[in-house]
Amino acid sequence: MKLDQAHIDQIRTAFEQMQSREDLLHVLNKAKPLVYGDKAVPFELKQLTWYANPKPGKKRYAEFKIKKKSGAERSIHAPVKGLKSLQKTLSFVLECVYEPHNAAMGFVRDRSIVDNAKLHVGSKYVYNIDLKDFFPSIDQARVWKCFQLKPFNLNKASSLEPQYMKWVDFKKEHLKTEEPVRVYINNGKFFINTPNGTIFLANDFGTDKYDIINKEKLILTNKIPSQSRLDLANIIASLCCTQMEVERKTETGEWEKVKRNVLPQGAPTSPVITNIICQKLDHRLSGVAKRFGLKYSRYADDITFSSMHNVYQADSDFLKELHRIIAEQNFHIKESKTRLQKDGYRKEVTGLLVNEKVNVQQRYIKQLRMWLYYWERYGYERATGFFLQQYIADKGHVKNGKPDMANVISGKLDYLKMVKGADNELYLKLKDRFAALVGNINPIDELLNVWETHGINEAMDYYKNRNN
């Protein structure tokens, strides 16, 4: 389904009107078709309740580790299918409600690493820092608190609490007094309790259609619980966090391992929530950048400042202010990733060159040309052998299995298009070479390659799609 501003406004309005978990479920089911399509199956209340319960935590995530370039391991928590669909939909809802800071470039609709890099093009000095353990450094209590603040405002008493309203024009045979009446509101229906003890169920005020409720219903009505939108903040925070072992600094400045409920890396909701959490950080660092005449942007945990003058010397006023603000926001700088890039050297921002214009590294182009040449010179099957050898050596620390060479090249061409533009001459030449090669693939060889790489089921899907 095509997303437009009207859809976003509808989700935002529905979120503002939430009073109960049933209302939260309604918002999620309103948003789900916008994420998964018109045939999306609605969520049920029991799913929301189950996944918001931290007790079956081991059943909510599958944990695995991937190696970093440094050799250390990064822990990834992949949510199970049901929780993942809830989180993906919830992430969309939060994106509709929250407008990120201008300096936030990562995980923001219509912003990319290209936009992040463009800001710093042509600067003489580019200063990069990384935040340590970005996602798991954010505790569930902090997530819970952020949902109580603007624009979410999940902190007020809901309308399920008893309310008093002045006399409404009931039928005279039902009403014996003009004294104020007590009104309970539940799921959009009004339970009206008159002074003489008669209960009416009204679908709307200002009409003369009221149904008398029997004694059993009257008992239930009197037991309508007082709820708070604060409960919704707790449910959402529980859906987005899980318990894991993390590092925290002690009062003496030492790092120790403790168990905390935190944002997991791997959950669809974690990226948008980090932008929400970092709103104050972005605001304050933007202020510091303006004060010192710098440009500032943040892509997830990757923070960049740039300028035509050097304010990055050790113990400078800028660095003192930078460290103070980051510490106040409960983050820590990963010193091993801090670097100052100067004029006369290659300068990078989130992997892209920013010396004179935004560009990919030369190695990226060389690799694309090399793989296309192998394919042209030796054919797809033999070229795949060369490709896998090089790809695993380069990406083996983060990716498992045997990737399909054509898919990888296609993805790299899409990335090149994003960086250089659809009308870039180099991109168009490489794309044309790729298109010619794809058109000449022997379908039997390709089928066998898909089978070997991805298994029989993927091969059968490939065969069906190619012959449709």
Side-chain angles (χ1 to χ4, degrees), residues 54 68 72 74-77 87 91 94 98-108 127-155 230 233-234 236-267 269-289 291 294 296-305 317-338:
K68 304 178 184 179
R74 176 182 285 115
S75 181
I76 304 295
H77 286 71
Q87 289 178 338
S91 176
L94 297 178
Y98 169 73
E99 293 186 11
H101 193 279
N102 290 335
M105 297 294 178
F107 317 120
V108 177
Y127 186 72
N128 300 103
I129 63 172
D130 274 19
L131 300 178
K132 173 180 167 61
D133 299 333
F134 186 50
F135 291 102
S137 70
I138 299 173
D139 291 341
Q140 181 170 327
R142 193 174 179 185
V143 176
W144 176 70
K145 184 64 180 178
C146 85
F147 286 126
Q148 299 173 46
L149 306 176
K150 292 180 180 181
F152 305 101
N153 298 316
L154 297 180
N155 54 15
L230 197 60
N234 186 49
I236 294 174
S238 297
L239 284 171
C240 299
C241 297
T242 191
Q243 188 181 82
M244 54 189 289
E245 189 176 70
V246 294
E247 286 190 322
R248 292 291 184 268
K249 260 192 176 181
T250 64
E251 293 181 357
T252 60
E254 300 293 324
W255 289 100
E256 68 173 1
K257 290 188 176 181
V258 295
K259 285 191 174 181
R260 292 280 191 276
N261 283 342
V262 298
L263 283 181
Q265 185 163 356
T269 41
S270 291
V272 65
I273 290 177
T274 57
N275 280 339
I276 296 166
I277 293 288
C278 288
Q279 185 175 26
K280 187 176 288 187
L281 176 70
D282 290 332
H283 176 73
R284 292 189 175 179
L285 291 184
S286 292
V288 170
R291 175 183 160 194
L294 318 175
Y296 162 72
S297 67
R298 180 183 58 81
Y299 195 97
D301 60 343
D302 192 328
I303 290 175
T304 304
F305 293 91
D317 290 342
F318 165 72
L319 288 187
K320 288 178 182 177
E321 191 74 355
L322 173 64
H323 282 75
R324 181 186 67 79
I325 291 172
I326 288 178
E328 281 182 354
Q329 295 302 307
N330 293 314
F331 290 113
H332 299 277
I333 295 175
K334 193 170 185 178
E335 299 295 346
S336 62
K337 288 290 192 75
T338 299

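What you see is a predicted model; the values in this text were computed from it and never measured.
Heavy-atom contacts from other residues, nucleotides or ligands closer than 6.0 Å to NZ of K337 number 12 or fewer. Crowding of E99 atom CD: a count of heavy atoms from other residues, nucleotides or ligands under 6.0 Å not exceeding 12.
Atom-to-atom distance recorded for L154:CG and K145:NZ is 12.0 Å, nearest 0.5 angstrom. Note that CG of L319 is 6.5 Å distant from NE2 of H323, once rounded to the nearest 0.5 Å. A distance of 3.5 Å separates CD1 of I273 from SG of C240, quoted to the nearest 0.5 Å. Between atom CG of residue L94 and atom CG of residue N275 there is a gap of 11.0 Å, rounded to the nearest 0.5 Å. Distance check: I277 CD1 to T274 OG1 gives 8.5 Å after rounding to the nearest 0.5 Å. K249 NZ to E254 CD: the interatomic distance, rounded to the nearest 0.5 Å, is 9.0 Å.
When all heavy atoms are compared, the tightest approach of Q148 to N155 is O-ND2, 2.7 Å. Among all heavy-atom pairs drawn from P136 and V262, the shortest one is O-CG1, 3.3 Å. Residues V143 and C241 share a closest heavy-atom pair of CG2-SG, 4.0 Å. Across all their heavy atoms, P271 and F135 have their closest contact at N-CE2, 3.7 Å. For R298 against F134, the heavy-atom pair with the smallest separation is NH1-CZ, 4.0 Å. Between S91 and T269, the closest heavy-atom pair is N-CG2, 3.9 Å.
The backbone N or O of V272 sits nowhere less than 3.5 Å from a side-chain atom of Y98 that would complete a donor-acceptor pair. Listed for the N261 side chain is a donor-acceptor partner under 3.5 Å among the backbone atoms of Q243. The main-chain N or O of Q279 is never found under 3.5 Å from a side-chain atom of H283 such that the two would form a donor-acceptor pair. A donor-acceptor pair under 3.5 Å links the side-chain atoms of S270 to the main chain of P264, judged by distance alone. Of the possible polar contacts, one joining the Q87 side chain to the L239 backbone as a donor-acceptor pair under 3.5 Å is found. Between the side chain of D282 and the backbone N or O of N102 there is no donor-acceptor pair closer than 3.5 Å.
Within the 4.5 Å cutoff, the side chain of R324 has no heavy atoms near those of the K320 side chain. In this structure the side chain of W255 reaches within 4.5 angstrom of the side chain of H332, judged on heavy atoms. Residues S75 and Q265 form no side-chain contact, since every pair of their non-hydrogen atoms from C-beta on lies 4.5 Å or further apart.
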Checklist entry - Should I333 and D130 be marked as a side chain to side chain contact (heavy atoms under 4.5 Å, CB included) after you check the CA-CA gap, both sets of side-chain angles, and the distance that decides it? => result CA-CA 6 Å; I333 295 175; D130 274 19; over 6 Å; no

Next on the checklist: side chain to side chain contact (heavy atoms under 4.5 Å, CB included) for I325 and V288? Distances and angles first, verdict last.
Outcome noted: CA-CA 9 Å; I325 291 172; V288 170; 3.3 Å; yes

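Ring planes of F318 and F305: perpendicular class, angle over 60° (limits at 30 and 60°). Aromatic ring pairs are classed by plane angle as parallel below 30°, tilted from 30° to 60° and perpendicular above 60°; the pair F152 and F147 is perpendicular.
Residues passing the salt bridge (Lys or Arg N to Asp or Glu O under 4.0 Å) test with R248, sequence neighbours excluded: D139.
R142 forms a cation-pi arrangement with F331, by the criterion of a distance under 6.0 Å to the ring centre and an angle within 45° of the ring axis.
The side-chain contact (heavy atoms from CB on, under 4.5 Å) test with Y127 is passed by exactly one of I303, T338, T304: T338.
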